[in-house]
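Contents: one structure, followed by commentary.
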Amino acid sequence: MEKSVAVVVLLLMVLFGADQVRSSASDHRYKEGEAVPLYANKVGPFHNPSETYRYFDLPFCSPDNVKEKKEALGEVLNGDRLVSAPYKLDFRIEKDSELVCKKTLSKEEVARFREAVDKDYYFQMYYDDLPLWGFIGKVEKEGKEPSEYRYFLYKHIQFNIFYNKDRVIEINVQTDARNVVDLTDDNKDEVDVDFLYTVKWKETSVPYEKRMDKYSQSSSLPHHLEIHWFSIINSCVTVLLLTGFLATILMRVLKNDFVKYAHDEESAEDQEETGWKYIHGDVFRYPKYKSLFAAALGSGSQLFTLTVFIFVLALVGVFYPYNRGALFTALVVIYALTSGIAGYIATSFYCQLEGTSWVRNLLLTGCLFCGPLFLMFCFLNTVAIAYNATAALPFGTIVVIVLIWTLVTSPLLVLGGIAGKNSKAEFQAPVRTTKYPREIPSLPWYRGTIPQMAMAGFLPFSAIYIELYYIFASVWGHRIYTIYSILFIVFIILLIVTAFITVALTYFQLAAEDHEWWWRSFLCGGSTGIFIYAYCLYYYYARSDMSGFMQTSFFFGYMACICYGFFLMLGTVGFRAALLFVRHIYRSIKCE
């Protein structure tokens, strides 16, 4: 097992290192006057991170021959579309108000620039693999009415570049607020613009190996660290209180139960049983829709394995800031490689439940998570194509993903399914199941599935909600998240709380003589995913400035898929914990 983990990690590091290998062919060393690659990436509204467009979709100065940089799979999935920029920033060559081009903007081009300035468009470029950003213009709100606003386009950009000997260390962009073009008047037929740029070089003592550190320091500032540690302490207190309370109650109650049942056996053989022992003949009765249940367990186990591998890669430093597309590459590759786990666990468990249609169960397992994800992708990709955004995947990339699914994911899923079918494992039930099920007594409303799910999901969510804001601000904003160790601790806490609360609710359900605990434990464990999706509504309307149909569709669409994945993963954790608990308590008593 350890060898297979090491092989997967090594393979992924090789895949992610491909871009680094390409970029390090020159070892990032330059001589004075040597050309250093500058690529323009994309433009888009600052508050809508998914709504990005190609740089030259706006009528900027365009070089004579625009060269597109070859992108890796993860970079394309990330929406990166790098092309050669119109600026020449040769190593250690300073320039002052150099002319890029003289351009006469038509009325339509002025309107496009004005709309972009109104929506706070920013641009992103990469210089020697270092990211840089800047706004394309500004809005002066002289009056309260939008008709009184004035719109200005920046026509002069200054690049400040820091170097150490023969290497580029840092770059940032300044825009000259005095050197602007007024775009307010929409009655003008044409506007003449001289696009200029200035280049300043400064020496620094920062070593090349630490040039990416400044991008990760923002999430490690003392103020942010205090909040993260407060989140950890809050979660730990929740866990300690919950586990202590549950352990005390359950141990005391179970001890009393064991003593009572032992006394009952000695004193009166024919005495009527009560509580969870009363349903010992039904507690291991197989659940309804067992094929769907086994498929959900298989998919949840695969997603759990995927999450663990992602954390391993994050903790070893693969996802350093602006290693473009590394996370997307990891998700695609690891999901494909772990599909055998889903096939094995689903088919093995289905056969343990005496299921016969294992092929149908395998197909259901393969489609349970991928199916909704594929449908959502088709819808959102169509929206991106309609908007002509960079989030729309090229046909070649879609073919690559389909080939990965066809040649890697599906065969591994089938192999795992065949191995699971041939495992010949039997379901380990410590007590025999009766031929006919007992009738479940009428229970109060709060014992129903939905109230129990609400109780089960609230506590795990309360342990992670502080950290959720930083994750959302990173995925759906421009923050940088690099404190993966804290995130991993929060993940472990989430698993512990989910397991304990599911075990507790399962005990109370059995004590109420309700033996249909299989689906209930899965639903209660996964209910945290529903709470996370509810948090999406709060974040969108209260904590972000996202707007527009495309951004709204991407946010709620992909978050629905992510929360569905959490539902399957945590549901699997909850059921496994409940199964261990139920087996333990029924193994500890004597039943006829």
Side-chain angles (χ1 to χ4, degrees), residues 39-63 66 79 81 83 85-87 97-125 132-159 172-198 383-392 477-478 544-555:
Y39 293 100
N41 187 12
K42 51 194 175 185
V43 294
F46 182 76
H47 299 295
N48 289 357
S50 299
E51 187 184 343
T52 54
Y53 305 94
R54 293 176 181 270
Y55 182 79
F56 291 115
D57 283 352
L58 289 177
F60 288 113
C61 294
S62 156
V66 178
R81 304 290 187 272
V83 295
Y87 308 101
S97 299
E98 183 87 3
L99 180 67
V100 184
C101 73
K102 292 178 178 285
K103 190 153 189 173
T104 301
L105 300 177
S106 65
K107 191 172 183 179
E108 291 76 16
E109 291 175 331
V110 169
R112 282 160 63 189
F113 267 129
R114 184 168 55 246
E115 182 185 9
V117 171
D118 183 41
K119 292 182 177 179
D120 283 333
Y121 266 51
Y122 72 99
F123 63 85
Q124 185 190 45
M125 298 183 182
L132 57 142
W133 310 264
F135 286 98
I136 69 166
K138 64 176 181 177
V139 181
E140 287 189 356
K141 300 180 180 180
E142 296 179 346
K144 293 183 178 180
E145 297 295 326
S147 58
E148 299 175 4
Y149 294 172
R150 301 189 66 193
Y151 304 92
F152 296 96
L153 174 70
Y154 295 130
K155 64 177 185 178
H156 187 191
I157 295 177
Q158 178 172 320
F159 297 94
N172 56 60
V173 173
Q174 286 181 321
T175 46
D176 189 350
R178 297 166 299 174
N179 220 330
V180 294
V181 179
D182 193 343
L183 304 176
T184 308
D185 189 359
D186 56 358
N187 294 319
K188 290 184 180 179
D189 291 333
E190 294 181 341
V191 175
D192 294 324
V193 183
D194 293 347
F195 286 100
L196 309 169
Y197 71 105
T198 297
V383 172
I385 290 171
Y387 274 74
N388 197 28
T390 61
H478 301 281
S544 78
D545 294 312
M546 290 185 278
S547 60
F549 178 74
M550 178 182 168
Q551 182 60 44
T552 304
S553 301
F554 267 69
F555 178 75

Check: Ser106 main-chain N/O paired with Glu109 side-chain donor or acceptor under 3.5 Å: yes
Sidechain-backbone polar pair: Gln124 side chain, Trp133 backbone, donor-acceptor under 3.5 Å: no
Between CD on residue Gln158 and NE2 on residue His156, distance to nearest 0.5 Å: 6.5 Å
Student check: side-chain heavy atoms of Ser62 and Tyr55 closer than 4.5 Å: no
Pairing residues for Glu148 by the salt bridge (charged side-chain N to carboxylate O under 4.0 Å, His left out) criterion, not counting sequence neighbours: none
Shortest non-hydrogen separation from Lys155 to Val181 and the atoms involved: CD-CG2, 3.6 Å
From CD1 (Ile157) to CD1 (Ile136), nearest 0.5 Å: 10.0 Å
Test salt bridge (charged side-chain N to carboxylate O under 4.0 Å, His left out) applied to Arg114 - qualifying residues, sequence neighbours left out: none
With Ser547 via side-chain hydrogen bond (donor to acceptor under 3.5 Å, both in side chains) - residues at least two apart: none
Under the ring pair (Phe, Tyr, Trp, His ring centres under 6.0 Å) test, residues paired with Tyr149 that sit two or more places apart: none
Quick one: side chains of residues 115-123, donor-acceptor pairs under 3.5 Å with protein atoms, not counting sequence neighbours, listed by atom name and distance.
from	atom 1	to	atom 2	distance (Å)
Glu115	OE2	Lys119	NZ	3.2

Listed partners of Tyr87 passing ring pair (Phe, Tyr, Trp, His ring centres under 6.0 Å), at least two apart: Phe159, Tyr197
Parallel, tilted or perpendicular: rings of Phe113 and Phe195 (30°, 60°): tilted
By side-chain hydrogen bond (donor to acceptor under 3.5 Å, both in side chains) - contacts of Thr184 (at least two apart): Asp182
Sub-4.5 Å side-chain heavy-atom contact between Cys61 and Lys102: no
Separation of Lys138 NZ from Leu153 CG (nearest 0.5 Å): 11.5 Å
From Leu132 atom CG to Asn172 atom CG, the distance as rounded to the nearest 0.5 Å: 8.5 Å
Results of side-chain hydrogen bond (donor to acceptor under 3.5 Å, both in side chains) for Tyr53 - residues two or more places apart only: Glu51
Any donor-acceptor pair under 3.5 Å from Thr390 side chain to Gly79 backbone: yes
Side-chain (Asn41) to main-chain (Met125) donor-acceptor, under 3.5 angstrom: no
Aromatic ring pairing Tyr387/Phe549, orientation class (parallel under 30°, perpendicular over 60°, tilted between): parallel
Minimum heavy-atom distance Gly477-Pro49, with the two atoms named: N-CG, 4.0 Å
Centroid-centroid distance, Phe135 to Tyr154, less than 6.0 Å: no
Contacts of type salt bridge (charged side-chain N to carboxylate O under 4.0 Å, His left out), residue Lys103, not counting sequence neighbours: none
Between CG on residue Leu99 and CG on residue Leu196, distance to nearest 0.5 Å: 6.0 Å
Shortest non-hydrogen contact from Met546 toward Phe555: CE-CD1, 3.6 Å
Any donor-acceptor N or O pair under 3.5 Å, side chains His47, Ser544: no
Partner set under side-chain hydrogen bond (donor to acceptor under 3.5 Å, both in side chains) for Lys42, not counting sequence neighbours: Asp80
Gap separating the OG1 atom of Thr198 from the CG atom of Asp176, nearest 0.5 angstrom: 8.0 Å
Set of side-chain contact (heavy atoms from CB on, under 4.5 Å) partners for Ala391, sequence neighbours left out: Ala384, Met550, Phe554
Residues in salt bridge (charged side-chain N to carboxylate O under 4.0 Å, His left out) contact with Asp545, at least two apart in sequence or another chain: none
